[in-house]
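Right, one structure below, let's go through it.
Count residues from 1 along the sequence.
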Amino acid sequence: MPDTANSFFLHSAKSVAYGLIAAILLMLLLSLPAALIVQLTPLSESVLPGLAIVINALGVFAGGAVAGYVSKRHGLLIGLLTAALLLLVMLLFGSTTVTELPAKCVYFMLCGMIGGVFGIR
């Protein structure tokens with residue numbers, strides 16, 4: 001019995017790690033065109049928070065989908081874990097204010113879970 005639990009934990013950890021890496025890479029890749037759009041067009045910097053939300057949502061969704069795809073099961077849970085770890089990483093290394101934290105938690109968890117479900121299909 002312990003082998004099964006250990007195997008499940010290792011497989012889930014591997015899935016979440018792949019999802020976390022995919023989400024971070026996609027967020028970085030999407031940040032470059034967003035910066036170029038703001039720099040090269042007459043758009044003001046006031047659109048950056050909206051672009052950041054879209055980039056975060058797409059990254060978390062993709063991370064959950066990759067994690068669900070690698071896991072092949074428990075997509076909702078794996079996507080949620082991926083989103084929670086990504087949120088923790090962003091809280092540790094980012095500049096999230098207390099006022100935007102509840103909204104960020106909600107859309108991170110929702111996007112991660114939906115991505116995880118899509119990933120197992």
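M113 and V16 end up in the same hydrophobic cluster when Ile, Leu, Val, Met, Phe, Trp and Tyr side chains are linked at under 4.5 Å. Both L81 and M109 sit in one connected hydrophobic cluster of ILVMFWY residues. Membership requires side-chain heavy atoms under 4.5 Å apart, directly or through other members. When hydrophobic clusters are built by joining Ile, Leu, Val, Met, Phe, Trp and Tyr residues whose side-chain heavy atoms come closer than 4.5 Å, directly or via intermediates, L77 is not grouped with Y69. Linking ILVMFWY side-chain heavy atoms closer than 4.5 Å, directly or via other members, places L110 and F118 in two distinct hydrophobic clusters. Hydrophobic clustering, with ILVMFWY side chains joined whenever heavy atoms are under 4.5 angstrom apart, keeps L76 apart from I114.
Looking at residues two or more places apart in sequence or on another chain, you find a side-chain contact (heavy atoms from CB on, under 4.5 Å) between K14 and Y18, V70. The side-chain contact (heavy atoms from CB on, under 4.5 Å) check on A22 picks up V66, with sequence neighbours excluded. By the side-chain contact (heavy atoms from CB on, under 4.5 Å) test, A34 is found to be paired with L51, I55, residues two or more places apart in sequence or in another chain being considered. With sequence neighbours excluded, the residues forming a side-chain contact (heavy atoms from CB on, under 4.5 Å) with T41 are I37, L43, listed by chain and number.
Hydrophobic side-chain contacts under 4.5 Å tie L40 into a cluster, directly or through other members, with L32, L36.
If you take CG on L80 and CZ on F108, they are separated by 12.5 Å, rounding to the nearest 0.5 Å. Summarising the geometry, atom CD1 belonging to I53 is positioned 12.0 Å from atom CG belonging to L58; distances are rounded to the nearest 0.5 Å. To the nearest 0.5 Å, atoms CD1 (I120) and OG (S15) are separated by 11.5 Å.
Between V60 and Y107, the closest side-chain pair of non-hydrogen atoms is not below 4.5 Å. Inter-residue side-chain proximity for K104 and L91 is flagged as unmet; no heavy-atom pair is nearer than 4.5 Å. Side-chain contact check for L28 versus I24: some heavy-atom pair is nearer than 4.5 Å.
The minimum heavy-atom distance between A23 and L86, with the atom names listed, is CB-CD2, 3.7 Å. Summarising the geometry of L85 relative to L20, their closest heavy-atom pair is C-CD1, 4.1 Å, with the distance given to 0.1 Å. When all heavy atoms of L26 and G59 are compared, the closest pair comes out as CD2-CA, 4.0 Å.
Sorted pairs that involve residues 71-83 and meet side chain to side chain donor-acceptor pair (under 3.5 Å), not counting sequence neighbours, are lacking altogether.
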